[in-house]
Number of protein chains: 2
Amino acid sequence: MEDEVRWLSTQEQASWRAYLRGTRLIATALDEGLTKHGTRLTEYEILSMLSEAPGGRLRMSALAQLVVQSRSRLTHTATRLERLGWVQRHAVREDRRGVELSLTPQGRAVLEELATVHVSDVRRILLDRLTPEEFAALGHAMTRVVDSIDVTEGDC
Amino acid sequence: MEDEVRWLSTQEQASWRAYLRGTRLIATALDEGLTKHGTRLTEYEILSMLSEAPGGRLRMSALAQLVVQSRSRLTHTATRLERLGWVQRHAVREDRRGVELSLTPQGRAVLEELATVHVSDVRRILLDRLTPEEFAALGHAMTRVVDSIDVTEGDC
DNA sequence: GGAATATGGTTGAATAGTCAACCGTTACTC
DNA sequence: GAGTAACGGTTGACTATTCAACCATATTCC
């Protein structure tokens with residue numbers, strides 16, 4: 001029942017602004033890089049997660065959580081990728097409600113192509129603009145946030 | 001003509017992953033907070049920029065750059081906000097191509113409401129999960145990226 | 001073992017965003 | 001000062017995302 005608002009200090013405000021604008025700039029730039037090659041970042045992430053999954057497959061809902069998309073959104077995107085011939089749906093033996101997604105050979109090939117483009121974009125847009133220490137600090141802070149949120153989500 | 005790809009180290013990879021997932025989680029959570037009150041983060045940012053602009057007005061293209069949206073997208077969003085009665089378009093005297101946007105009194109009132117919600121969300125989702133030092137480091141890194149990108153953009 | 005509830009995924013309509021073409025205005029250039 | 005290029009913003013068609021309702025299967029609990 002708190003109704004006093006604790007506003008941000010000038011410092012905090014500046015950091016928050018930089019965060020907001022920075023993440024947008026980075027997302028836009030990376031997306032642009034991939035769009036030239038016929039994908040977007042959100043799709044790339046899906047392909048990438050699939051390629052690293054044990055067995056090369058992931059349940060729809062697990063994948064949705066990994067890439068932070070709604071199940072509905074993933075359904076639509078998966079359909080799109082399936083039409084492109086990059087991924088494939090499979091029924092799950094143990095749970096007949098379930099669906100698993102995997103890369104097709106073609107999908108894997110596309111991903112390998114894209115990966116080289118994408119990695120160099122990530123370097124150019126983010127890593128090369130920071131010292132190793134600065135980037136490590138960024139990674140550290142974001143890791144803390146992610147871990148903390150993941151825990152909190154659990155007990156809703 | 002470089003064609004050897006410098007992949008990310010394990011450390012770098014981990015940081016990058018955390019960044020990607022973290023930014024998504026944060027964006028989703030903040031958006032959810034505002035959605036309950038009838039807006040989304042991208043709209044909120046527009047209102048917020050307008051409220052702080054000298055004279056309470058901004059040119060469409062300047063605003064688009066500030067919030068990192070395409071001019072087209074801003075046109076659509078502005079139309080929506082205008083229909084809600086939150087913002088207003090004005091012709092620009094000196095440049096008859098130009099359009100300026102400003103908050104209506106109602107828009108200002110809505111923003112003040114939303115701001116309290118939003119600030120406490122930002123604290124809950126981000127600030128409270130980090131030490132002041134960690135958050136400062138995050139802000140520092142993002143500031144460096146933003147500044148660096150802003151410079152680069154200039155000479156395209 | 002059968003009703004109630006929860007989970008996993010899909011659907012389709014409504015909303016938001018992208019993309020390329022466009023129009024009016026302003027700025028160069030010769 | 002006429003022609004051309006650049007700028008600022010909008011438009012409309014297309015694509016992507018959200019949202020709420022839904023179906024089928026699993027799980028819980030009495």
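Here is the naming used below: chain letters follow the sequence lines, and residue numbers restart at 1 for every chain. Being a predicted model, the structure only gives us computed values, none of them experimental. Worth knowing before you read on, the calculation uses all heavy atoms, side chains too, and leaves out hydrogens, waters and symmetry mates.
- Taking atom CD of B:Q65 as the reference point, atom P of D:dC7 lies 12 Å away to the nearest angstrom.
- Here A:D150 pairs with B:R21 in a salt bridge; the nearest charged N to carboxylate O distance falls below 4.0 Å.
- Put simply, CG on A:L41 is 13 Å from P on C:dT18, counting in whole angstrom units.
- For the pair B:Q69 CD and D:dG9 P, the interatomic distance rounds to 14 Å; values are reported in whole Å.
- Contact of the A:T104 side chain with the A:V87 side chain is not registered, since no non-hydrogen atoms from C-beta on lie closer than 4.5 Å.
- Counting heavy atoms from C-beta outward, A:L30 and A:Y44 have side chains that stay 4.5 Å or more apart.
- For C:dA16, the OP1/OP2 oxygens have a side-chain nitrogen or oxygen of B:R80 closer than 4.0 Å.
- Computed from coordinates, the A:R73 CZ to D:dC19 P distance equals 12 Å when rounded to whole Å.
- The side chain of A:T42 has D:dT17 as its nearest neighbour among C:dT18, D:dT17, D:dA26.
- The environment of A:Q11 atom CD is sparse: at most 12 non-hydrogen atoms of other residues, nucleotides or ligands sit within 6.0 angstrom.
- Taking the nucleotide of DNA chain D with the nearest heavy atom to each of B:R40 and A:E43, the more 5' of the two is matched to A:E43.
- Across the protein-nucleic acid pair, B:L101 atom CG and D:dT10 atom P stand 9 Å apart, rounded to whole Å.
- Among the atoms of the strands shown, only primed sugar atoms or phosphate atoms (P, OP1, OP2) are found under 4.0 Å from some heavy atom of B:T35.
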Scan nucleotides 3-12 of chain C nucleotide by nucleotide, 5' to 3', and note B when protein non-hydrogen atoms come under 4.0 Å of the base, S if they reach only the sugar-phosphate, - if neither. ----BBBBBB
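- Under 4.0 Å is where a charged nitrogen must lie from a carboxylate oxygen, and between A:R59 and A:D95 at least one such pair does.
- Salt-bridge annotation for A:R6 and A:E12: absent, with no side-chain N of the basic residue lying under 4.0 Å from a carboxylate O of the acidic one.
- Nucleotide D:dT17 holds its P atom 12 Å from the CD atom of A:E45, rounded to whole Å.
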